[in-house]
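Down below is the structure, laid out as structure tokens.
Atoms within each ligand, like the ligands themselves, are counted from 1 in listed order. These numbers come from the heavy atoms of this one structure, side chains and all, not from hydrogens, waters or symmetry mates. Quick caveat, the model's predicted, so the values are computed rather than measured.
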Amino acid sequence: MSHERMANLVRALAMDAVEQAKSGHPGLPMGAADVATVLFTQFLKFDPSDPHWADRDRFVLSAGHGSMLIYALLYLTGYEAMTLEQIKRFRQLGSITAGHPEYGHTPGIETTTGPLGQGLATAVGMAIAEKHMAAVFGDAVVDHKTYVLASDGDLMEGISHEAIALAGHLKLNKLIVLFDDNGISIDGALSLSDSTDQVKRFEACGWASWRIDGHDPQAIAAALAKAQKSDKPVMIACKTTIGYGAPTKAGKSSSHGSPLGADEIKGAREKLGWTHTPFEVPPDILSAWRESGARGKPVHGAWTKRLAALGDKRAEFERRMRGEISDAALTKAVREIKEKLAASPKEIATRTACEFALESLIPALPDMIGGSADLTGSNNTRTKSMQAITPADFSGRFIHYGIREFGMAAAMNGMALHGGIVPYSGTFLVFSDYSRPAIRLAALMGVRAIHILTHDSIGLGEDGPTHQPVEHLAALRAIPNLMVFRPCDAVETAECWELALRAKDRPCAMALTRQNLPQLRNRLDEDNICAQGAYEIAGPDGPASVSIFATGSEVSIAVDAAKKLAEKGVAARVVSVPCFELFFEQPDDVRAAIIGNARVKIGVEAAVRMGWDAIIGADGIFVGMHSFGASAPYKELYKHFGITAEAIADAALKKL
Ligand SMILES: Cc1ncc(C[n+]2csc(CCOP(=O)(O)OP(=O)(O)O)c2C)c(N)n1
């Protein structure tokens, strides 16, 4: 079967599906069909009968708007779930052919893409994961490549630079980027807004990179063959024509993101020599595609034998790839931490409590790979025993991501998606804005990526308002499926870590302090009390007329306020709220019991009020931030902004 016929079938399916949906992006699939056909028929290692095969090559369509390309490829190569019917239902409710590829929604989709640049950055994480798992389990069972198809838009986005610099530094030579170099974006020619020499840029970042004709199957195959042997990551700039085959729209932005229209499609059929009706799949071409889809079966079979030969390590490898951390090891480690804290309570910052917890967690859970965006000493995410991952040795468990918060968060998604790894990392809470789009994708995909975000309020002090988050907790809490933890002491920090690790299908953000906090939980609790999201941490024996709800560093202030109220004969209880999301997920009666019916409800958090009304009600009192912070020693700032035990007690007394 000729390459041309196989590639033209991809083009036809893309234009027909977009036309039927009356929306979508035909330009990229038509332009990149040759590149993708060579990759999928000759190079990509995969087995459509087992989309989760651990040693498959990963393929990331970073330019997610070209989704019909991957849907066509999945159908043609024989992924059972991807039927012609699904392709006909492109972009319709309930289909697996969503507008942009969605991880977990469609078998064969390795990561959700659409936000340009992120697919590439996620792929960097996949390639790191491959190297680490190969270092741990050996290349007999872990030896695959990560391929990315990236567009102009992917490479223009700032995150691409973080990603390629990190990949180049780490010499991720099994990462191969195919750049769909068509010189067109939505507004028109790329020359409107860009004149970067991408080949030189990648080379400057330590990649091997060169240009080819992206419509010449021999050139594509030769380039991919050469890329297999590279000692650096590879970027092949494939010169293509967007909307290839369309008589008047090819090479123009008009083919990028709308249906071509009946006349243009008719003309494209003529130009491509495609005599078939819409959605007609010639059996001989389909069988050629299916044959290439079956290429991986014997390779997969041989791998299964090698896996069996792993012996003792096999179960461990399979457990890790399933994403199941060892329940017994985690339970034991958390118990150990809590016992130590009960035996000798610690007045430490929660960031220090994080490191204290990690000292037990890291040896217990080999799946965990930590890191920091150049704030290792401030985030306390590296324990003494952790070795850094280096280009020469990927067996380490700590990554110096550099000052690349977004690239770090996207790479963490890639590691989690690859499997075998539970990634966590550190930066300042205020800089979660820089990583937010990747945190959002983690939440959308349902992957376990753990973001340690220290220096979580005005409590960081002298660095001032540029570094003091005020709106970030609210902003993070607004992301569905993301757990935002803000523990109040060392014990809560350990419990929040346990919850983060146990949540297999959820990312989390953990806000931790720079300043020391007293340990409020001195008793050894068998259960994870934070699991409920909120609980009474201090209270009178009888009914309370004041309920004070607080998180993190403000819980101890709330406890002091309750003492002051008690001195005045007012019974007040304090509820610690380490995780809003887990609290809101409790049954109504549990929530109602924790909120209680005290006459006065007060929320205390050194941040903005947004979100708190769900707990304290619209008529509740909020003690927190109403503006940006300021530069000063933190104790002065708490006084200056009125977040004190006195202010809380006074507000309660006034309302009673
Ligand atoms: C972060 C982000 N910004 C904007 C968009 C909207 N968008 C989708 S495709 C595109 C650019 C299209 O140009 P290119 O990447 O070259 O794709 P091609 O036209 O070759 O299909 C834009 C701006 C997006 N998907 N993601």
Would you say the side chains of [X] and [Y] form a donor-acceptor pair under 3.5 Å?
X: D374; Y: H400; answer: no
X: Q198; Y: R201; answer: yes
X: E264; Y: T248; answer: yes

Residue portion contacting ligand 1 (non-hydrogen atoms closer than 4.0 Å) for N182: side chain
For ligand 1, indicate whether the residue H25 contacts it via side chain, backbone, both or neither (heavy-atom separation under 4.0 Å). neither
Provide the number and element of each atom of ligand 1 under 4.0 Å from a heavy atom of D152. 15 (O), 16 (O)
Residue and atom name of the nearest protein heavy atom (relative to [atom]), distance in Å to one decimal:
atom: atom 5 (C) of ligand 1; answer: L116 CD1, 4.0 Å
atom: atom 7 (N) of ligand 1; answer: I186 CD1, 3.8 Å
atom: atom 19 (O) of ligand 1; answer: H256 ND1, 2.8 Å
atom: atom 16 (O) of ligand 1; answer: I184 O, 2.8 Å
atom: atom 21 (O) of ligand 1; answer: H65 NE2, 2.7 Å
atom: atom 3 (N) of ligand 1; answer: E157 OE2, 3.6 Å

Of R11, R5, K239, the one forming a salt bridge (charged side-chain N to carboxylate O under 4.0 Å, His left out) with D34 is R11
Do [X] and ligand 1 have an N or O pair less than 3.5 Å apart?
X: D180; result: no
X: S151; result: yes
X: P115; result: no
X: I242; result: no
X: L28; result: no

Does ligand 1 have an atom that lies less than 4.0 angstrom from a heavy atom of A63? no
Looking at every heavy atom in both L149 and A32, which two are closest together, and how far apart are they? CD2-CB, 3.9 Å
Checking ring-ring contact (aromatic ring centres under 6.0 Å, His included) between H418 and each of H132, H52, H144, which is the one that passes? H144
Nearest non-hydrogen contact with atom 13 (O) of ligand 1 belongs to which option: S185, P437, S62, G183? S185
Could you check which of G66, G114, G153 puts a non-hydrogen atom nearest to atom 24 (C) of ligand 1? G114
What do the steps show when you test F40 against I70 for side-chain contact (heavy atoms from CB on, under 4.5 Å), and what is the final call? CA-CA 10 Å; F40 272 67; I70 181 75; 4.2 Å; yes
Using the rule side-chain contact (heavy atoms from CB on, under 4.5 Å), only one of I159, D154, D152 pairs with L116; which is it? D154
Is the cationic atom of K171 (NZ for Lys, CZ for Arg) positioned less than 6.0 Å from the six-membered ring centroid of W207 and within 45 degrees of its normal? no
Carboxylate-amine/guanidinium proximity below 4.0 Å for R56 and E110: yes
Are the charged groups of R486 and D456 less than 4.0 angstrom apart, N to O? yes
